[in-house]
Each structure stands twice: as structure tokens, then as C-alpha cells.
Amino acid sequence: MTQKTISTRRLGTVHRWSNTLIPTLRDAPAEAVNPSHRLMIRAGCIRQVGAGIYDYLPLGYRVLNKVAQIVREEMDAAGATELLLPALVPIELYAGTKRDKEYGELLFKLTDRHGREVALGPTHEETVTELVKGSITSYKQLPLNVYQIQTKFRDEFRPRAGLLRGREFVMKDAYSFHLSVEGAGGLNETYDAMYSAYVNVFTRCGLDFTVVEAEAGPIGGSASHEFMVNAETGEDTIMVCPKSGYSANVEKCEIGPRSWSFEADSSVEYIKHHTPNMPGIEAVAEHLNLEPSRMLKSIVFQTADGGPRRWIVAVVRGDHDVNEGKVRDAIGSPVAIADEAEAKAAGFVIGYVSPRVVCTIADTHLVIDPDATTGVWATGADERDHHVTGFVWNRDLDMPLPSEEAPVAERIMVADIRNAMEGDPSPRDASSRLVARRGIEVGHIFKLGTKYAEAFDLSILDPNQKKQILTMGCYGIGVSRTVAASVEMSHDDAGIIWPVPISPYHVVVTVMDPKNTEHTTVADALALSLSEAGIDVLIDDRKERPGVKFKDADLIGIPIRLTIGNKALAEESVEFKRRRDAGKGDLVPIADAPERCLSVLNNGG
RNA sequence: CGGGGCGUGGCGCAGUUUGGUAGCGCGUUUGACUGGGGGUCAAAAGGUCGCAGGUUCAAAUCCUGUCGCCCCGACCA
């Protein structure tokens with residue numbers, strides 16, 4: 001008799017604590033500092049192997065896989081398809097886009113037995129571009145969006161905070177290819193689809209997050225958004241307008257209109273002071289006994305657009321920070337901090353530069369932040385070891401000054417060129433002020449444009465038989481970082497509190513007395529019916545004291561605990577407790593338990 | 001890349017100043033008692049003190065070098 005095999009699928013997983021590896025720790029290793037790092041180690045999710053290198057133990061790996069699976073489903077639903085790229089990438093590929101230099105030390109490099117140089121891929125723009133170049137032959141195959149979920153490598157100078165900044169980490173990267181930016185099949189369409197997919201991913205993961213406008217960064221490109229998990233312990237600062245909903249990375253955040261003028265009391269005396277070895281604002285301010293906010297900070301940039309070099313002196317208030325991206329946007333050309341030797345040769349006294357250089361050094365332009373206009377200032381004396389006080393723009397600068405009506409004068413302009421700060425006017429609602437919040441970047445989407453396609457000459461004939469360079473987008477999610485971010489976002493003194501969708505198990509069945517067959521029988525039956533409802537179950541069948549099991553259950557953060565003990569069994573019940581509730585929970589008839597679990601899990605645990 | 005700190009059983013730490021045969025708590029193993037929020041008692045296993053060299057009769061301890069790890073800053077998808 002032939003036996004027919006049918007495909008079956010288990011809905012939920014049932015594991016026994018005694019059969020898996022969950023080495024919980026009462027104390028975290030001294031070197032772990034961040035909540036996610038400490039708790040994930042204590043909960044037996046990860047172990048440190050080296051700086052920025054970790055083992056993923058079963059518990060941690062289950063969470064990682066759940067996040068990855070959600071990412072996968074949403075990417076597939078948004079029209080992207082998965083593939084796998086190599087971790088080992090020949091160095092020539094990165095040399096093609098000069099990123100072997102741009103990444104510099106961040107790139108893990110190794111030499112194989114034949115002396116070839118190979119990099120451990122930190123990201124794969126070059127690899128996919130090369131792949132697509134060799135495999136796409138017609139514009140009819142566009143648009144195309146492919147992605148991979150895999151380990152990436154970056155030799156971070158200072159890895160830290162556990163999974164938040166490792167040297168080896170799991171990342172999803174998607175790359176899209178288009179004939180155009182606008183229109184059907186264009187970059188914008190896919191970018192928007194990815195944006196929605198990302199919102200879905202992080203919502204489904206159960207995370208509290210904010211989408212912010214971001215700088216494109218060294219990867220190149222135009223528009224860019226970051227997805228930030230809201231957490232006090234986050235490394236990134238984001239600015240939010242509570243009224244309009246505008247939010248942006250602090251590096252990108254615009255500042256609303258600020259009124260300004262160059263009028264000031266010109267009766268104050270202009271005095272030169274000896275300030276030996278004090279190129280910094282702080283020291284000078286202290287020496288002259290005034291606030292840094294009464295000083296001007298003048299940073300010398302040079303244009304970096306390949307054309308004839310111009311000097312750009314960015315002037316902000318002493319307590320503010322110049323934003324290079326804003327300077328670039330203001331003058332409409334890429335800029336870089338001036339080469340110190342060249343700037344000195346041109347006559348800049350680096351460390352003691354004042355706005356007056358615009359009058360004395362050729363090809364020099366001034367960009368002034370509104371907050372650095374009106375008033376009487378202290379600034380450099382354009383002379384080594386000297387500063388001046390009593391600097392007044394409209395008296396001490398022999399050059400046409402702009403006004404609010406005409407913010408660009410001959411070689412001087414006023415523009416928003418500093419980093420936003422809490423309390424600054426919102427750029428979207430004049431009546432509102434910006435608020436600063438902390439976040440952890442878990443996703444980033446970019447419109448890359450043609451940078452990589454050009455570097456690899458990735459072009460194709462369009463319907464008009466014209467050769468066209470392809471336009472690209474790239475979309476990353478830090479999968480392992482997302483896991484850590486969710487712990488940063490959601491934990492308490494007792495341990496982790498996993499969001500339901502990414503929790504390693506949904507229910508932990510705590511068996512009070514594993515030697516009591518009634519206990520184990522009920523536990524097994526319960527686990528079975530829970531798993532049939534699609535619930536992942538961990539049975540704590542260890543011969544441990546109840547206190548140990550309760551503490552561990554809290555530590556590893558499973559959303560629901562069902563306790564099986566004599567007290568509840570006497571009433572044909574189990575004890576039901578949500579992780580986020582305090583106390584002992586309440587009795588639920590055994591037969592009703594799966595229903596109850598399901599309804600609580602469906603409502604976010 | 002600048003500044004600081006730390007390497008001693010699985011984890012947390014003492015011992016280093018002033019050299020003298022390595023200790024505590026937790027955890028682990030065995031037994032007994034116990035049995036609903038990290039229990040008690042008893043017994044036991046487990047460390048060439050990161051590594052290498054030097055000084056010394058003698059080095060966890062002093063000297064030199066080296067490797068590793070962490071924190072702050074800078075930098076950074």
C-alpha cells in the first residue's frame with residue numbers, strides 16, 4: 001500500500017526550556033552598559049564574542065528571524081524580490097565608485113591566497129549595480145526592485161551598545177532601478193512604495209517610531225527619510241514640530257523664519273584683545289568674560305564642485321553649530337571644510353578668523369546665520385592670538401550688506417546655516433516651536449539618482465532608442481539593530497518586554513512542579529492547543545524554584561505567562577498574567593485559556 | 001584619532017599601594033530539608049590571575065612589551 005505524503009504545516013512552535021539554550025544571567029557582564037545590551041545578554045539572547053561581534057542564541061535568533069520575516073513579507077508585497085549577494089566583494093567593485101577610499105578604515109579588507117584584495121561587504125550598491133548591468137537587457141524589464149537580507153560588515157572604530165552598533169550586523173538592503181524619476185515605473189513611485197512598506201514593517205513589529213527627513217549622507221543622492229524608533233537612550237537627535245507634524249533629523253532640520261537685521265548700536269568701541277593660544281570659542285569667551293552667544297564663530301569652507309575654488313566663510317553665533325549641508329544648499333555648490341594649509345596660504349588665520357576677511361581676501365564669500373546678525377559681537381582679529389570685541393556689522397564691514405528684503409548682497413548672504421535646536425521656530429508653522437527627541441535609526445531610504453549607474457555605466461536603450469543612464473534608489477533596514485531598538489524602547493526593571501509580533505515566543509507556560517504529571521499533562525495539552533491557534537509556546541519545564549522561573553519569565557519578556565500549579569488546577573484553571581502587568585494575574589479556566597491568549601495577543605499583549 | 005578605565009573559575013567582585021604557595025558572593029554538582037517571586041543546611045568540582053619577557057630566593061602584586069575589552073569625545077548607514 002502506498003502512503004501518500006501530504007504537506008503539513010505547524011502553526012505555532014512548542015519548545016521546552018530544558019531542551020533549548022537560554023542561559024539567563026543574574027548579573028550582566030560589566031562591559032554591557034545599554035539597557036538592550038545588558039538585558040539581551042542577561043536574557044540569554046546574545047553573547048559577546050569580540051568587540052561588536054555577537055552570538056545569536058536561540059531566543060535572540062528567533063526575534064531576529066521574526067523581524068526579518070516581517071521585512072520579507074512587506075518587501076515582497078511592495079513588489080521587491082529577494083536575492084542573496086556575496087559577503088566577499090572584490091575590492092575593484094568599491095574602487096569603481098571610489099568607496100574603497102570613502103569608506104576607508106570602515107571597510108573590512110582581506111587578501112586571499114592569490115594576493116587578491118577582497119572586502120567584506122558593508123553594503124552592496126556596487127554589487128547589485130554590476131549584477132543588473134549584466135542581466136538587464138531592455139527597458140521593458142524596468143522598474144526593478146531587488147533586496148537581500150544578510151550579514152554586513154563594517155569595521156567601526158568604536159563598536160558599542162551591543163547590537164546597536166556592531167561590526168557585523170544583519171541588514172536588509174533593497175535597490176531599485178528606473179528609467180526615470182517621475183511617472184509610472186519611476187523612482188518616485190518605488191520610493192513612495194518603499195516608504196509605505198517601511199511604515200508597515202515597523203508598525204507590524206510593534207514599534208513606536210517617527211519618520212524624519214534626513215540628509216542623504218556620503219552614500220549620495222537627493223531625497224532621504226530615516227525611520228527612527230523613539231527611545232530615550234537613542235543616539236540620534238530628531239526635531240519635531242508638535243503642531244504641523246514636521247520632523248527631521250537634527251542634521252537636516254530647517255529652522256522657521258527668524259527676523260534679523262544688521263542694525264546695531266555703533267557707539268561701542270572696537271577693541272583688540274590679546275588672547276594667546278585660544279582658537280576655541282569657549283576659552284576666548286571665558287578669557288573675555290562674556291557668553292559664547294555673544295561671539296561670532298567663523299568657519300572657513302571651500303567649494304568642492306570641481307570648478308574654480310571659492311572660499312566660503314560661514315558665520316554663526318558662538319553657541320551654535322554650522323551645518324555643512326545647509327551651507328551647501330545656501331550657496332548652491334558642494335562645500336568642504338577648507339584645507340588648513342591652503343587656507344593659511346590664502347591669508348586666513350585659522351582659529352582667529354573674522355567676517356572681515358570678506359573685504360581682504362579675494363574670492364571670499366560670507367554666509368551668515370540670521371542669529372549672528374544684529375548686535376555687538378566678539379570675534380577673531382584675523383591675527384594670531386588676538387580677538388576683538390565691539391564688532392558691529394554695519395560699521396565694521398566695508399561691503400554692501402544684505403537685508404531681509406534682499407538677503408543676498410554682492411558677496412554676503414544671510415541664510416539658515418546652523419543646526420536646529422529645541423525651541424527654534426518651526427519651519428512649517430510659525431506659531432510653533434521645535435521639540436527635540438531621541439531616536440534610534442532603524443531604516444533609511446534614499447533616492448540615489450545616477451551616481452552608481454554612472455560609475456558602472458549602467459545604461460539601457462529607452463523606447464526612443466536613446467541610451468539612458470538608469471536611476472536608482474536604495475532602501476535599508478538594520479534588522480539586528482531593530483531588535484535591539486525594540487528592547488531600548490520597551491523594557492522595565494525586571495527585563496525585556498517584547499512587542500507581540502517579534503517576541504521569541506508568545507506564551508510561556510510555567511510548570512510549577514515538573515515532576516507532577518498532572519502539571520505536565522495540562523501544560524502539554526495547553527501548549528498543543530495554543531500552537532494550533534498559531535501561538536509560539538515555551539514550556540518552562542525546568543526543575544527550578546518558582547521564584548527563579550517567574551524572574552526568568554519576566555527577564556526574557558514573553559508577553560503572556562500561563563502558570564500551572566496546584567492552586568489553579570484545583571479550580572480547573574491556569575493562572576494568566578500579562579508581562580506588562582504587575583502582580584500574580586488571574587485564574588482562567590483551562591478550556592478558555594487559548595481564547596484568552598489569542599484575544600490579548602491580538603490586542604498587543 | 002584624542003582622553004580615561006579594566007583584564008583574577010560561567011557571572012559579579014576583593015586581593016596589587018607595602019612581593020611570601022589565590023579569596024568572597026552568585027551560579028554549577030551531590031545529598032537532605034523545602035516548595036508560588038532568585039530558599040536553607042551540608043559536602044564538592046572549577047582559576048598556570050589576558051599573553052610574553054624581565055627583576056627576585058619568591059611575582060596576581062614590581063618593570064618592559066604586547067594583546068584584548070569597555071566608557072567619554074570626535075566620526076558614523
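Just so it is clear, the values below take in all heavy atoms, side chains as well, and ignore hydrogens, waters and symmetry mates. Residue numbers start from 1 in every chain, and the chains themselves are labelled A, B, ... in the order their sequence lines are given, proteins ahead of strands.
Across B:G35, B:G36, B:G37, the shortest atom-to-atom separation from the side chain of A:Glu575 is found for B:G36. When the nucleotides B:C71, B:A77, B:G36 are ranked by their closest atom to the side chain of A:Thr563, B:G36 comes out on top.
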note = Readout for nucleotides 22-30 of chain B: B = base within 4.0 Å of protein heavy atom, S = sugar-phosphate only, - = neither; 5' to 3' it is ----SSS--

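Within 4.0 Å (heavy atoms only), A:Phe169 reaches at least one base atom of the nucleic acid. Nucleic acid contact for A:Ala32: none, since no nucleic acid atom lies under 4.0 Å from a heavy atom of the residue.
Projected onto RNA chain B by closest heavy-atom contact, A:Asn34 and A:Arg47 fall at different nucleotides, the more 5' of which corresponds to A:Arg47. Across the interface with RNA chain B, nearest-nucleotide mapping of A:Glu31 and A:Ile564 shows A:Ile564 to be the residue nearer the 5′ end.
With hydrogens and angles ignored, a donor-acceptor pair closer than 3.5 Å exists between the side chain of A:Arg545 and the base of B:G39. Residue A:Arg561 places a side-chain atom within donor-acceptor reach of the base of B:G37, judged by atom type and a 3.5 Å distance cut-off alone. Within 3.5 Å, no donor on the side chain of A:Arg160 pairs with an acceptor on the base of B:C70, nor the reverse. Looking at A:Asn566, its side chain has no donor and acceptor atom pair within 3.5 Å of the base of B:G36.
Note: CG (A:Asp540) to P (B:G36) measures 16 Å, nearest angstrom.
Of all non-hydrogen atoms in A:Val170 and A:Ile149, the two that sit nearest each other are CG1-CG2, 4.0 Å.
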